[in-house]
Amino acid sequence: MTVTDSSLPPSGRDSLTDDLRWRGLIQDSTGLDELRPLLDGGAAAFYVGFDPTAPSLHVGHLMQVATARRLQLAGHRPLLLVGGATGQIGDPKESAERTLNPPEVVAGWVARIRDQLAPFVSYEGENAARLVNNLDWTGEMSVVEFLRDVGKHFPVNKMLAREVVRARLESGISFTEFSYQLLQANDFFELHRRYGCQLQFGGSDQWGNITAGVDYIRRRGAGPVQAFTTPLVTKSDGTKFGKTEGGAIWLDPEMTSPYAFYQFWVNVDDRDVSRYLRYFSFRSREELEALEKETAERPAARAAQRALAEELTTLVHGEREMAQVVAASQALFGRGSLEELAPATLRAALTEAGLVHLDELPDVAGLLRDSGLVPSLKEARRVIAEGGAYVNNTRVTETDARVGAEDLLHGRYLVLRRGKRSFAGVELRG
């Protein structure tokens with residue numbers, strides 16, 4: 001099936017360029033006058049790159065992945081580059097030299113990231129996406145070829161003027177990281193030469209590398225080509241986007257469960273949610289403006305957060321996992337069946353709430369205390385006596401009540417709840 005502009009979510013009153021600008025997705029560009037005809041004029045090949053510096057992409061990559069999907073929906077042809085070569089080098093950081101990962105580790109990460117990109121684009125039709133690996137051309141190049149054919153086109157004074165390089169000059173930067181810009185620029189040239197790539201985009205921190213590629217293609221007598229950057233995603237409270245107390249929010253379900261992924265978006269700050277919807281959602285402008293209005297009028301309903309969480313969880317993990325996540329969210333608060341939840345989903349939900357591991361099961365009062373729902377046995381018995389204690393969504397009314405093996409969900413879990421909103425999980429070891 002060909003992905004065409006008939007699938008484009010906005011209302012149709014805006015061009016692609018106008019829609020990208022309304023969403024805040026164009027920060028820097030080679031010039032809107034040059035960019036607009038390319039973006040609005042039909043099918044153009046574009047590329048965006050992902051370096052395998054970890055076994056999975058994380059939510060920080062969603063800006064680029066979602067933007068690539070947006071351009072394909074408008075009729076353009078994605079070249080998704082996974083850096084089997086550049087991933088072995090590493091783009092310079094302002095803080096310190098990167099740790100170089102072994103080539104075989106990088107190769108394994110390349111394969112995993114390729115799989116993670118698959119749900120976002122279509123690999124069929126006239127504007128089918130293509131996965132490319134820069135190791136295919138960089139790995140074949142000798143040192144002499146690299147210095148003669150690539151290096152001679154890069155003035156050192158321009159490379160030294162790059163902000164991240166200036167920041168590292170005093171503490172030191174290796175030639176390996178210093179030369180990263182040349183490798184990325186050569187990627188743009190090779191994709192232009194091999195596939196007719198006319199456009200590159202990336203995060204705003206990549207602007208120096210991207211413009212180096214635009215200039216390199218011009219110096220090689222090719223082009224013209226265009227480029228733009230998207231803004232770095234930030235949080236209003238000053239903390240880093242995509243980070244929680246448990247670490248990064250990964251796209252790999254083994255590293256971040258679909259339930260935890262969903263909860264990350266549900267818990268987005270009201271100050272951020274409208275901006276994130278514009279960045280990541282494929283809903284129309286009218287729908288987004290309606291959600292923004294509802295958030296302003298009824299923030300406690302968290303309609304915008306739920307809409308964002310449901311859309312992105314479905315996109316990343318699929319409809320089946322999304323249905324399980326919603327079922328778990330309802331069941332934990334007594335609005336659904338705990339027995340119908342898959343073990344992995346139940347465990348993920350309980351881990352988010354607070355999961356304690358026990359070798360044996362005390363009475364219910366002891367479970368409430370051990371799970372942290374109450375501070376003491378005395379308080380636990382009071383809560384039970386007042387009708388505020390639940391095990392697996394069943395109210396417990398006897399202060400000396402106990403649970404047995406038959407009460408364990410999937411043979412090992414219990415869901416404890418105090419009142420309507422405080423819950424925790426127990427996992428029986430063994």
Side-chain angles (χ1 to χ4, degrees), residues 8-29 32 35 39 48 50 57-74 119-120 201-207 210 227-245 247-251 256 260-317 322 325:
L8 197 63
S11 63
R13 69 188 183 197
D14 292 335
S15 67
L16 174 61
T17 306
D18 291 334
D19 184 61
L20 292 175
R21 294 182 69 192
W22 177 79
R23 292 174 181 273
L25 292 174
I26 298 178
Q27 176 160 321
D28 304 296
S29 77
L32 283 177
L35 194 62
L39 288 174
V48 59
F50 304 90
L57 299 176
H58 52 73
V59 294
H61 294 105
L62 273 181
M63 174 71 91
Q64 311 314 326
V65 178
T67 303
R69 177 181 173 84
R70 209 176 297 282
L71 265 61
Q72 189 184 33
L73 288 171
F120 294 92
F201 74 86
S204 59
D205 61 334
Q206 291 296 306
W207 184 234
I210 291 172
F228 71 91
T229 63
T230 59
L232 293 181
V233 185
T234 58
K235 294 173 72 173
S236 296
D237 63 4
T239 59
K240 191 170 183 179
F241 173 77
K243 295 283 188 179
T244 67
E245 292 182 3
I249 304 298
W250 303 97
L251 304 193
T256 297
F261 183 87
Y262 176 88
Q263 291 297 323
F264 171 78
W265 297 107
V266 165
N267 291 318
V268 161
D269 194 301
D270 289 339
R271 295 171 293 175
D272 296 320
V273 69
S274 294
R275 186 161 44 93
Y276 293 171
L277 277 166
R278 294 189 185 205
Y279 288 165
F280 303 120
S281 175
F282 292 87
R283 296 168 186 262
S284 68
R285 177 185 287 202
E286 290 80 5
E287 290 176 288
L288 297 185
E289 288 175 341
L291 284 168
E292 290 174 8
K293 182 179 179 182
E294 186 172 357
T295 297
E297 295 174 350
R298 299 173 57 236
R302 304 192 74 75
Q305 284 89 341
R306 290 201 313 275
L308 182 63
E310 291 177 11
E311 183 174 358
L312 291 181
T313 305
T314 300
L315 184 61
V316 174
H317 297 294
M322 179 60 225
V325 165

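Note that these values count all heavy atoms, side chains included, but never hydrogens, waters or copies made by symmetry.
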When you check the side-chain N and O atoms of Thr229 and Gln206, is any donor under 3.5 Å from an acceptor? no
Could you walk me through whether Phe280 and Leu315 pass the side-chain contact (heavy atoms from CB on, under 4.5 Å) test, one step at a time? CA-CA 11 Å; Phe280 303 120; Leu315 184 61; over 6 Å; no
Test your reading of the model: is there a side-chain donor-acceptor pair from Arg23 to the backbone of Ser281, 3.5 Å cut-off? yes
side-chain contact (heavy atoms from CB on, under 4.5 Å), that's the test. Do Thr17 and Leu35 meet it? Break it down for me. CA-CA 8 Å; Thr17 306; Leu35 194 62; 5.7 Å; no
Taking Arg306 for its side chain and Ala301 for its backbone only, find out whether a donor-acceptor pair lies under 3.5 Å. yes
One should read off an interatomic distance between Leu32 CG and Arg21 CZ, to the nearest 0.5 angstrom, of 5.0 Å
Between the side chain of Arg302 and the main-chain N/O of Val268, is any donor-acceptor distance below 3.5 Å? yes
Do the side chain of Asp272 and the main chain of Ser236 share a donor and acceptor less than 3.5 angstrom apart? yes
Report yes or no: does Arg278 contribute a side-chain atom to a donor-acceptor pair with the main-chain N or O of Leu25 at less than 3.5 Å? no
Go through the steps for Phe241 and His58 under the test side-chain contact (heavy atoms from CB on, under 4.5 Å), then give the verdict. CA-CA 10 Å; Phe241 173 77; His58 52 73; over 6 Å; no
Give a yes or no on whether the backbone of Val273 and the side-chain of Gln305 come within a donor-acceptor separation of less than 3.5 Å. no
Spacing of CG belonging to Leu16 relative to CG belonging to Leu39, to within rounding of 0.5 Å: 5.0 Å
Counting N and O atoms only, with roles assigned by atom type, does the side chain of Arg275 sit under 3.5 Å from a partner on the main chain of Thr234, one being a donor and the other an acceptor? yes
For Phe201, the ring-ring contact (aromatic ring centres under 6.0 Å, His included) test, sequence neighbours excluded, returns Phe46, Phe228
Given His317, which partner from the list Phe261, Trp265, Trp250 fulfils the ring-ring contact (aromatic ring centres under 6.0 Å, His included) test? Phe261
